[in-house]
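As structure tokens, the structure follows; a few thoughts come after it.
What you are looking at is a predicted structure, and each value in this text was computed from that prediction instead of being measured.
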Amino acid sequence: EIEESLRSLNLGHKKLYTEITNRKSFDQSHKTNQKKVLWSVLIINLVFFILEMSYGLVSKSMGLIADSLDMLADSFVYAISLIAVGKSLIYKKAIAKIAGYFQIVLALIGLGEVIRRIIYPVEFPNYLTMIIISIFALIGKRDHATVLHACKTVDNLTFTDKQFRKYVEDLSQKLTL
């Protein structure tokens, strides 16, 4: 049925191989993995948002506050992405548009704070606190980017490389025993 639909498009389709499997569903494990990854990076981002915002306010650092708003925007994107997992492309595009608007709102809040500080100057921020918290935030950003990249790489290899897929399935079986 699928092959006939592809043939009717006259785009020169070519079947690469046929594989027999006992699996009943192909999307559920991928959906579950995506949700686990999204929850992980959401928690990392929320923790660092709270950390940066708290210390940004205490140390009067606009840099930490701005970066915390970026972390909040990322957290919002991951949170609504959890809703979009397994949904249609149209639904995912609508979610992405909402996330974009939210990021614009956060950017305007940050801009408003900068303007307020220009009009009503504040004392110089505590640079030592800024540096320490910035280092922690950098580690947090690097960690969640690494998690996302690794999961995407494994997903791609599992989809394209039969030998790698077999390795992952064997490993998964051993881990569930």
Side-chain angles (χ1 to χ4, degrees), residues 25-160 164 168 172 175:
S25 171
F26 293 90
D27 293 328
Q28 294 305 321
S29 65
H30 182 68
K31 228 177 5 179
T32 303
N33 290 341
Q34 279 184 334
K35 284 189 175 191
K36 285 179 185 176
V37 170
L38 286 170
W39 272 111
S40 298
V41 295
L42 172 62
I43 290 168
I44 290 169
N45 268 284
L46 282 175
V47 166
F48 281 101
F49 159 70
I50 293 167
L51 181 73
E52 278 191 306
M53 181 58 81
S54 301
Y55 282 97
L57 292 171
V58 167
S59 68
K60 299 175 181 67
S61 166
M62 191 58 216
L64 288 178
I65 291 171
D67 199 48
S68 74
L69 290 175
D70 180 54
M71 291 282 202
L72 178 62
D74 290 347
S75 298
F76 181 76
V77 169
Y78 297 135
I80 64 174
S81 294
L82 282 165
I83 298 167
V85 171
K87 301 286 194 294
S88 71
L89 187 57
I90 293 170
Y91 193 84
K92 289 178 181 179
K93 284 183 179 180
I95 292 289
K97 189 182 285 188
I98 292 168
Y101 290 136
F102 184 73
Q103 289 183 341
I104 290 170
V105 168
L106 289 177
L108 291 173
I109 290 170
L111 180 63
E113 178 62 13
V114 169
I115 292 170
R116 185 189 72 79
R117 287 179 180 220
I118 290 170
I119 296 170
Y120 305 104
V122 295
E123 66 183 65
F124 193 74
N126 181 334
Y127 71 92
L128 187 58
T129 303
M130 287 172 36
I131 291 171
I132 293 169
I133 299 303
S134 295
I135 290 170
F136 283 122
L138 181 64
I139 292 168
K141 285 182 179 184
R142 194 196 69 166
D143 284 350
H144 84 259
T146 302
V147 167
L148 289 172
H149 177 71
C151 290
K152 186 174 183 177
T153 301
V154 169
D155 282 347
N156 289 340
L157 283 171
T158 302
F159 183 73
T160 58
F164 186 80
V168 170
S172 294
L175 291 173

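- Judged as a side chain to side chain donor-acceptor pair (under 3.5 Å), the pairs with a partner in residues 110-119 (not counting sequence neighbours) are, in order, Glu113-Arg116, Glu113-Arg117.
- Separating the CG atom in Leu51 from the CG atom in Asp67 is a distance of 10.5 Å, to the nearest 0.5 Å.
- Annotation: the span from Asp74 atom CG to Leu106 atom CG amounts to 10.0 Å, rounded to 0.5 Å.
- Put simply, the side chain of Ile65 reaches to within 4.5 Å of the side chain of Met53, judged on heavy atoms.
- Partners of Ile90 by side-chain contact (heavy atoms from CB on, under 4.5 Å), not counting sequence neighbours, listed by chain and number: Ser88.
- Atoms CG and CD1, from Asn45 and Ile50 in turn, are 11.0 Å apart once rounded to the nearest 0.5 Å.
- In terms of heavy-atom proximity, Ile95 sits nearest to Ile80 at O-CD1, 3.3 Å.
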Do any side-chain atoms of residues 96-103 form donor-acceptor pairs under 3.5 angstrom with protein atoms, and if so which ones, sequence neighbours left out?
none

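- To the nearest 0.5 Å, atoms CD1 (Ile44) and OH (Tyr78) are separated by 9.0 Å.
- Rounding to the nearest 0.5 Å gives a distance of 5.5 Å between OG of Ser75 and CG of Leu42.
- With sequence neighbours excluded, no residue forms a ring pair (Phe, Tyr, Trp, His ring centres under 6.0 Å) with Phe49.
- Every residue was checked against the ring pair (Phe, Tyr, Trp, His ring centres under 6.0 Å) condition with Tyr91, not counting sequence neighbours, and none meets it.
- Here the CD1 atom belonging to Ile83 is positioned 9.5 Å from the NZ atom belonging to Lys35, to the nearest 0.5 angstrom.
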Name the atoms and distances for all side-chain donor-acceptor pairs under 3.5 Å in residues 56-64, with sequence neighbours left out.
from, atom 1, to, atom 2, distance (Å)
Ser59, OG, Tyr55, O, 2.7
Ser61, OG, Gly63, N, 3.4
Ser61, OG, Leu64, N, 3.1

